[in-house]
Amino acid sequence: MKTFFQSFRIVLHTARVIFRMDWRNIPAFVGDQFLLTLQPFVALFFSARILDVLAAGADRGTVVGWILAAVGCNYGIYLLERFAACSNSVEGVTLYWQLYQEMSRVMMRADYEELEKPDIGLARERIERSTNMFWYGPWEVPGVLMTLAQGITITAASLALAWPVFLPVKGEGIPWGTILMVLFVAGSSWYGIRSEGRLYELKESALEDLAEEFRKRNYLDQYIEESRGAKDVRLYAQKKMIWKERQKNQETIRKLSRARAGLHAVSNGVKGAASQAVVCLAYLVVGARALAGIFSVGAVVQYVGAVTRLSEGIRVLVYSLQHIRMQGPHCQEYLDFIGEGKDPLKYRHHQDGTEPVPEGGSWEIVFENVSFRYPGSEEWALRNLNIRLKKGQHFAVVGRNGSGKTTFIKLLCRLYDPTEGRILLNGRDIREYRYEEYQRLFAVVFQDFQIFALPLGENVAASMRYDEKRVQACLDQAGIGDWAKRQPKGLKQPLYTVEKDGVNISGGEAQKIAIARALYKNAPFVILDEPTAALDPLAEAEIYSGFREMVEEKGAVYISHRLSSCRFCDTIAVFAQGRLVQEGSHERLLSEEGGEYAGLWQAQAQWYQ
Ligand code: ADP
């Protein structure tokens with residue numbers, strides 16, 4: 001655990017980051033909390049004054065004047081506080097989401113390979129879990145700093161109102177009452193620090209244990225609530241089983257939470273008793289002095305009230321200092337995640353070249369002895385690959401599952417960089433080109449392509465602004481133009497049912513929309529990675545014949561298990577266990593008896609004989 005000062009520095013750093021992110025919430029939040037803190041002191045001050053002027057037998061005008069001043073002040077503070085609270089409720093929510101959004105921004109900018117690893121997801125999950133379960137992390141920083149300010153304000157204001165109580169009075173002897181009061185406040189603070197520390201340890205260990213149970217619970221709830229699992233749940237009569245799992249999980253969560261709740265209750269009980277003892281002593285000390293004629297009636301109200309607030313102020317102060325210490329490590333995790341820490345997590349480390357990608361004309365991509373191993377893997381996914389792709393050339397990649405076809409596409413589009421060897425574009429290593437510009441050369445439909453719950457037109461254009469005619473033309477070419485025209489909102493039709501008037505689409509329809517999106521991008525290289533898996537044979541034939549025309553001028557790379565779809569390509573590359581084992585036209589490869597291609601072809605052809 002970090003020391004208080006280390007944590008305090010981290011918390012202040014987080015506060016600066018938050019202020020930079022969105023400062024608008026700060027005045028409302030600080031104003032609201034400050035006014036809330038101030039309110040009771042103003043009331044206390046005026047009550048004491050009114051009692052004193054009454055006891056002194058002041059004239060009616062003076063008494064009414066004090067009462068009006070009290071009411072006016074209280075109401076003014078009340079109005080200001082409400083105004084700040086309303087503004088805080090709006091801006092606070094915005095800031096709350098902004099802190100999440102910042103993490104999403106980091107994930108969106110992260111290298112693809114980082115997202116394939118579990119680390120980034122786990123780091124985010126831990127940050128979210130800490131805040132959702134125990135209110136740790138940057139979300140709490142404004143509150144924690146404010147509590148510190150409140151602790152200081154309450155303590156200072158109470159001392160300002162109650163200081164005469166702590167001064168010795170001539171002829172009173174040893175002020176045992178006052179000494180006891182101080183001892184109770186100090187003892188309760190010490191106990192507060194100890195019990196909060198223990199509570200923190202329990203929470204830290206629960207973060208891991210409970211997290212797993214929560215993950216399980218969320219997973220089971222998804223299974224129960226979503227239609228995705230509903231077919232299996234019903235047909236395999238799994239309701240009882242899932243329900244029992246859910247209850248078992250609930251019981252574990254309850255057990256894990258009970259120890260903390262017990263400690264919390266005991267700790268609150270002890271602290272409450274100590275603060276009541278302080279109030280008791282305050283009454284004794286102040287009452288005795290009032291009886292001795294040292295304090296006025298108004299002073300009794302003021303001093304007892306202020307001493308009560310003083311013990312609360314010190315409790316708040318101790319609590320806030322303790323919490324700053326606990327927030328430190330969690331804020332550090334957040335700062336590291338968003339790249340603000342001293343040792344930020346590096347989710348973006350591809351080399352971004354400075355060279356502009358050549359415009360228009362002829363592009364040629366060459367794989368020069370490329371080998372690739374996935375991070376953390378011992379196995380080569382691709383080995384010594386030498387391949388040449390040109391604009392205008394239609395290229396097919398075939399091979400068994402796991403032979404490296406998709407990995408080849410990922411390297412081609414620079415989602416990964418080769419472990420060994422180089423990929424050249426027009427003779428220059430692709431790492432020298434500007435990263436995003438290079439990726440604009442490719443329109444890919446991956447096997448696991450994603451269509452979003454957004455309007456149809458935005459999905460196709462990958463943008464909120466688009467050329468409607470061109471979108472419709474691409475949908476026509478992808479064989480889904482008529483379907484699009486039939487939608488109640490045309491291109492503005494939201495897909496899936498996240499929005500209330502969205503439509504659900506089938507796997508085949510989604511695939512055609514993904515193909516339309518690739519066409520709309522109008523990139524010089526089009527890549528279809530098993531794009532027709534969810535299509536019926538007629539739709540597939542339609543797409544392939546249409547596609548050949550559409551991408552005639554471009555470079556096209558097809559990956560398909562149906563070899564008949566690839567036979568019209570200029571070159572077919574056959575992959576086996578990460579190596580390029582054959583390359584040539586369909587006829588030539590077929591004539592190589594005993595070759596991988598002929599084997600694959602015959603295996604498929606026999607079902608059609
Ligand atoms: P194909 O597309 O031909 O089915 P892939 O390119 O997907 O094959 O996979 C090639 C090899 O790389 C396989 O052995 C596969 O298990 C491995 N592989 C694929 N993706 C990953 C990954 N993200 N991490 C580790 N290994 C992977």
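As the structure lists them, so they are numbered: ligands from 1, and atoms in each ligand from 1. Keep in mind the model is a prediction, meaning the values are calculated, not measured.
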Under a heavy-atom criterion of less than 4.0 Å, does Ser377 contact ligand 1? no

Which label fits Trp601 and Tyr597: parallel for a plane angle under 30°, tilted from 30 to 60°, or perpendicular past 60°? parallel

Which atoms of ligand 1 sit under 4.0 Å from any heavy atom of Asn401? 4 (O)

Less than 6.0 angstrom separating the ring centers of Phe134 and Tyr200, yes or no? no

Aromatic Tyr520 / basic Arg470 pairing, under 6.0 angstrom, 45° off normal: yes

Strictly less than 4.0 Å: does any protein heavy-atom distance to atom 4 (O) of ligand 1 fall in that range? yes

Looking only at side-chain N and O atoms, does Ser403 offer a donor or acceptor that is under 3.5 Å from a partner on Arg579? no

Atoms of ligand 1 less than 4.0 Å from Arg400 heavy atoms? 3 (O)

To the nearest 0.5 angstrom, please state how far the CD1 atom of Ile430 sits from the OH atom of Tyr438. 3.5 Å

With atoms numbered from 1 as shown, which atoms in ligand 1 lie under 4.0 angstrom from a non-hydrogen atom of Glu116? 23 (N)

Test item, Ser403 contacting ligand 1 (heavy atom, 4.0 angstrom): yes

Among Tyr374, Tyr416, Phe408, Trp380, which one has a heavy atom closest to atom 26 (N) of ligand 1? Tyr374

Which of the atoms in ligand 1, numbered in the order shown and given with their element, are less than 4.0 Å from a heavy-atom of Lys405? 1 (P), 2 (O), 3 (O), 4 (O), 6 (O), 8 (O)

Quick one: do the Tyr433 and Glu437 side chains pair a donor with an acceptor below 3.5 Å? no

Side chain proximity check, Phe449 to Asp529, heavy atoms < 4.5 angstrom: no

closest protein heavy atom to atom 7 (O) of ligand 1 is Thr406 CB, 3.8 Å

Taking only non-hydrogen atoms of Thr407 and a 4.0 Å limit, the atoms of ligand 1 in range are 5 (P), 6 (O), 9 (O), 10 (C)

Could you check whether Phe367 and Phe408 have their ring centres less than 6.0 Å apart? yes

Kindly indicate whether atom 15 (C) of ligand 1 is approached by any protein heavy atom to under 4.0 angstrom. no

Who's closest to atom 1 (P) of ligand 1 heavy-atom-wise, of Gly399, Gly402, Pro375? Gly402

